[in-house]
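One structure is given below, encoded as C-alpha cells.
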Amino acid sequence: MFLVLNFLVTSRPKSIALKPGEYRVGRDEDENDIVLTEFTVSRKHCLLLFRKGKWWIKDLKSKNGVYVQGKRIKGKEELKNGDKIHIGSIPAEVRIYSPRDYLEEGLTRLPVRVSLWEDTVSLSSSGIIEKTVKENLLRLMENMDSLPSFELENQLWDILTMVGVDAFGASLISKGEVAELISCNSPGLLSVYSGENPDKYFQREFNGKILTNVPLSGASFFLITSSPPPPWLLSILKLVVRYLALMRKFSHVEVEKEEELLNGDSPFPNTPIVFESPEIKKVIEQVKKIASLEGNVLIEGESGVGKEIIARLIHIWSPRHSGKFVAVSVPAIPETLAESELFGVKAGSVTGVMGRRGKFEEADGGTLFLDEIGEIPNFLQVKLLRAVETGEVAKIGENMPVKVDVRVISATNRDLEKMVKEGKFRDDLYFRLAEFKIKVPPLRERRQDIIPLAEAYARQFSKIMGKTFVGISEEAREALLSYSWPGNIRELKNQIKTAVLNMGDDGIITRNCLPLPSHHQSHGELERNERETILKVLERTNWNKTRAAKILGISRQGLIYKMKRLGIKPGD
C-alpha cells in the first residue's frame, strides 16, 4: 500500500508518495527522511510507518503535536484514506493507494527528502494555527527577559511569519515621544506613524498592504499584513507587548513608580526592588554611596541575581541619570561583530556596511553596562582598556578618535581575579573596571526575600493576564522557601509566571500551580548535568558546533558561550 501526502500549500502543490516502510519526519536535515523546514515542526517530530497492512503516524513527543482529523494524538494513530492531518501547523491530506491504483492514477514517484518552506504553507486551518501561535508566543514570554534583543526579534518573527505578517513593530510612548521597543522586518517607526497618532487605533493602506496600529497604555504596536489581521492575533500580541513594555520601561528614568519593574513596600524611595533581607539592604546602601561618586563599577554575582537592576539603580541615582543607560550583553555579540558593536564603523570602510555609532558613543553622557564582561574576546581587551582609560574611541576605519564621557558598569558571574591570575583577563583592565565592587548574594542566601518577591511578581503577572491575585497558600510558601533556587530571581520569576497561568478563579497560588522540580538540584549539579548533555551532543556530531547547536535548540553563538562558561574544549 502506497501512502501519498498532499501538502496543502498556497503556491505550488507538493506531494510525496511513500512505499511501505518507516520514515522519520522533522525539521533536522541530518536525521529525517522527510524534512519540513517550518518553525512549528520539531527537530524530530513524528514517524510514518507501515505495519501489518496499515499506515500509522506516531508523535515523537513533539512540542506542537500531530493532529489527525483535528484531534491531537497521543502515541500512535492509524491513518485512513482521506484523513486530514497537521504536522505542527503544516496541513496535509492522506491518500492510500494499492499498487495497482497507484500505477493507474499515474502518480509520479517524488524524492522522499522534501523541504517545505514557511511561505508556501496554507493558513486555511485557522484553529490549529491559532492554537500553535498562542502556545509559541506564551512560551516566548516565559523566556523573553533572558533573551538579547536580536534573538527576541528572531524568535518573534519566526512565529509571526506563520500567520502571514509582513512586518511588526512595537514602541514605548512617553509624553508624546515614541521610542522603539522592538522591530521585526519593520519599515521604521517614523514612516509608519507619519501623519498618524500612535496613541490611536487606526488601519490604513501602506505600500499595497494593510497597516494596523493598536494602542496600549504607554505603548503601541503595529503590524503589516495582506489582509485584516484576526482579532485573536491582536489579543495575544497585546499581552506580549504589554509584558515587553513592562520589562523595558525600567530603563526610562521618568517612569511613574507604580509602573516600574517591581513595586513593593521598599524602605528606600524610588527603588524598584522588593526585599526584606539585611543582605540586600546592605547592597542598596552601598549602591546609594557609589552612585553619587565618579568611577567604574564591577558587579559580581551568580546568573539571575539581578545584576542589571543594580546597574540601573546606580545610573538612576547618579548625576548621569538624565543621560542614556545602554546595556550590552557581551556573550550575545558574535566575536566578528564585537568591535563594531562597541566602537562603531566608519561609512564606506567596509563594503556594503553603512556607518554607525558604537555603544560607547551611544552612551555618551550616561552609563554603559557591559553584562558578562568575563566573556569579552582577548583581542578587544586592549581597545576596551584604552577607551576606559582615555575616554576616546575610534570607529573601525577611522583614524581620528572621538571623546566620550561614559561611566562603565560591568557585571560578571565568573571569578575575574582568578582569570587574571590564569592570564585570561588583563590585570590593568580589571583594575580599571573594578574601581568600585558590589557583590550581589544569591537568593538561597537571602530567603527573607523569596515570599515578598513572589508576591510582587504574582501581582505583576496577574495584572498583565487579567487575573486577580489573592495570596500564596501555606504549602506553596513552604515549597518556595525550601527550594535551592539555582537560577536565582530569574528562576523565581518564571516559576511565578507559570503559577499565575495555572492559578484558579479563587486567586490563590497553590503547590500544584508551581512547576518546581520534586528533586532539588544544587547549582553545581545543574551545571554538571548541562556540561554532560552538551558534551554528549558534541561527541555525537563530531564536534560540529552548528549541528550540535541545532540539536540543543540554541544558537551557535549561544553554544560557544556555554562551552566557555562550562570549560568545554575538544578532547574533553
Side-chain angles (χ1 to χ4, degrees), residues 145 246-247 249-251 253 255-321 325 327 367 369 371 407 409-413 415-416 433-461 469 471-472 477-496 523:
D145 53 342
L246 191 68
M247 286 187 348
K249 272 184 179 177
F250 183 41
S251 63
V253 181
V255 176
E256 295 296 325
K257 186 179 178 185
E258 65 270 18
E259 292 181 341
E260 291 185 356
L261 187 65
L262 283 177
N263 52 82
D265 299 323
S266 169
F268 292 89
N270 303 317
T271 308
I273 295 181
V274 174
F275 66 94
E276 289 184 2
S277 67
E279 291 85 359
I280 290 299
K281 182 179 179 182
K282 185 178 178 182
V283 169
I284 299 296
E285 288 171 342
Q286 192 180 4
V287 166
K288 291 282 276 188
K289 291 174 184 176
I290 290 173
S292 61
L293 305 171
E294 276 298 325
N296 300 318
V297 185
L298 177 66
I299 304 171
E300 299 174 309
E302 294 176 6
S303 292
V305 294
K307 298 188 289 291
E308 183 170 345
I309 291 180
I310 297 297
R312 291 182 186 275
L313 278 182
I314 295 171
H315 172 76
I316 289 171
W317 287 341
S318 76
R320 297 175 173 270
H321 63 84
F325 179 95
T367 303
F369 175 61
D371 196 15
R407 183 183 203 173
I409 302 178
S410 308
T412 182
N413 61 9
D415 186 343
L416 286 192
L433 295 175
E435 292 173 328
F436 299 106
K437 286 174 68 173
I438 296 174
K439 177 80 172 179
V440 184
L443 192 55
R444 63 183 173 275
E445 292 179 9
R446 46 185 176 107
R447 294 191 176 273
Q448 287 170 269
D449 296 336
I450 292 173
I451 300 303
L453 277 167
E455 291 175 337
Y457 280 127
R459 287 192 296 270
Q460 174 186 325
F461 291 124
F469 169 67
I472 302 174
R477 285 170 178 259
E478 288 176 11
L480 291 169
L481 290 170
S482 62
Y483 184 54
S484 58
W485 297 111
N488 291 293
I489 295 174
R490 184 180 296 137
E491 184 181 9
L492 173 64
K493 184 177 181 180
N494 288 335
Q495 287 282 336
I496 299 300
H523 185 68

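Just so we're clear, the structure is a prediction, and the values are computed from it rather than from any experiment.
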### Task
Determine whether Val274 and Tyr457 make a side-chain contact, defined as any pair of heavy atoms from C-beta on separated by less than 4.5 Å.
no

### Query
Heavy-atom distance under 4.5 Å between the side chains of Leu298 and Phe436, does that happen here?
no

### Message
Are the side chains of Arg407 and Arg320 in contact, using a 4.5 Å heavy-atom criterion?
### Response
yes

### Task
Would you please test Val440 and Glu300 for side-chain contact (heavy atoms from CB on, under 4.5 Å) and show each step?
CA-CA 6 Å; Val440 184; Glu300 299 174 309; over 6 Å; no

### Query
Looking at CZ of Arg447 and OG of Ser482, how far apart are the two atoms once the value is rounded to the nearest 0.5 Å?
7.5 Å

#### Entry: Gap separating the CG atom of Asn488 from the CG atom of Asn413, nearest 0.5 angstrom
10.5 Å

### Message
side-chain contact (heavy atoms from CB on, under 4.5 Å) for Leu453 and Leu443? Distances and angles first, verdict last.
### Response
CA-CA 10 Å; Leu453 277 167; Leu443 192 55; 4.1 Å; yes

### Message
Please check this pair: side chain of Gln286 against backbone of Lys437, looking for a donor-acceptor N/O pair closer than 3.5 Å.
### Response
yes

#### Entry: OG on Ser277 to CD on Glu445, rounded to 0.5 Å
10.5 Å

### Task
Find out whether Pro441 and Val283 are in side-chain contact, i.e. whether some heavy atom of one side chain is under 4.5 Å from a heavy atom of the other.
yes

### Task
Just do the salt bridge (Lys or Arg N to Asp or Glu O under 4.0 Å) check on Arg490 and Glu302 with the steps written out, would you?
CA-CA 11 Å; Arg490 184 180 296 137; Glu302 294 176 6; over 6 Å; no

### Query
Between Arg459 and Phe469, what is the shortest heavy-atom contact and its length?
CG-CD2, 3.8 Å

### Message
Treating Asn296 as the side-chain partner and Glu435 as the backbone partner, does any N or O pair qualify as donor plus acceptor under 3.5 Å?
### Response
no

### Query
Just wondering, do Arg312 and Trp317 contact through their side chains at under 4.5 Å, heavy atoms?
no

## Note on the structure
What one should report as the nearest heavy-atom pair of Ser410 and Phe369 is C-CE1, 4.4 Å

### Task
Could you walk me through whether Ile450 and Trp485 pass side-chain contact (heavy atoms from CB on, under 4.5 Å), step by step?
CA-CA 10 Å; Ile450 292 173; Trp485 297 111; 3.6 Å; yes

### Message
With heavy-atom distances below 4.5 Å as the criterion, would you say the side chains of Thr412 and Asp371 are in contact?
### Response
no

### Task
Report yes or no: does Arg446 contribute a side-chain atom to a donor-acceptor pair with the main-chain N or O of Glu279 at less than 3.5 Å?
no

### Query
Going by heavy atoms in the side chains, are Ile489 and Val305 under 4.5 Å from each other?
no

### Message
Just verifying a value: how many Å separate Ile310 CD1 and Ile409 CD1, rounded to the nearest 0.5 Å?
### Response
10.5 Å

### Query
Taking all non-hydrogen atoms of both residues, which atom of Phe325 and which atom of Glu308 are closest, and how far apart?
CE2-OE2, 4.3 Å

### Query
Is there a side-chain contact between Ile451 and Arg477, using heavy atoms and a 4.5 Å cut-off?
yes

#### Entry: Exercise: identify the closest heavy-atom pair between Pro319 and Ala291
CD-O, 3.6 Å

### Query
What's the verdict on side-chain contact (heavy atoms from CB on, under 4.5 Å) for Leu433 and Val297, showing C-alpha distance, side-chain angles and the deciding distance?
CA-CA 6 Å; Leu433 295 175; Val297 185; over 6 Å; no

### Donor-acceptor side-chain pairing of Glu491 and Tyr483 below 3.5 angstrom
yes

#### Entry: Interatomic spacing from CD1 in Ile299 to NZ in Lys439 - rounded to 0.5 Å
12.0 Å

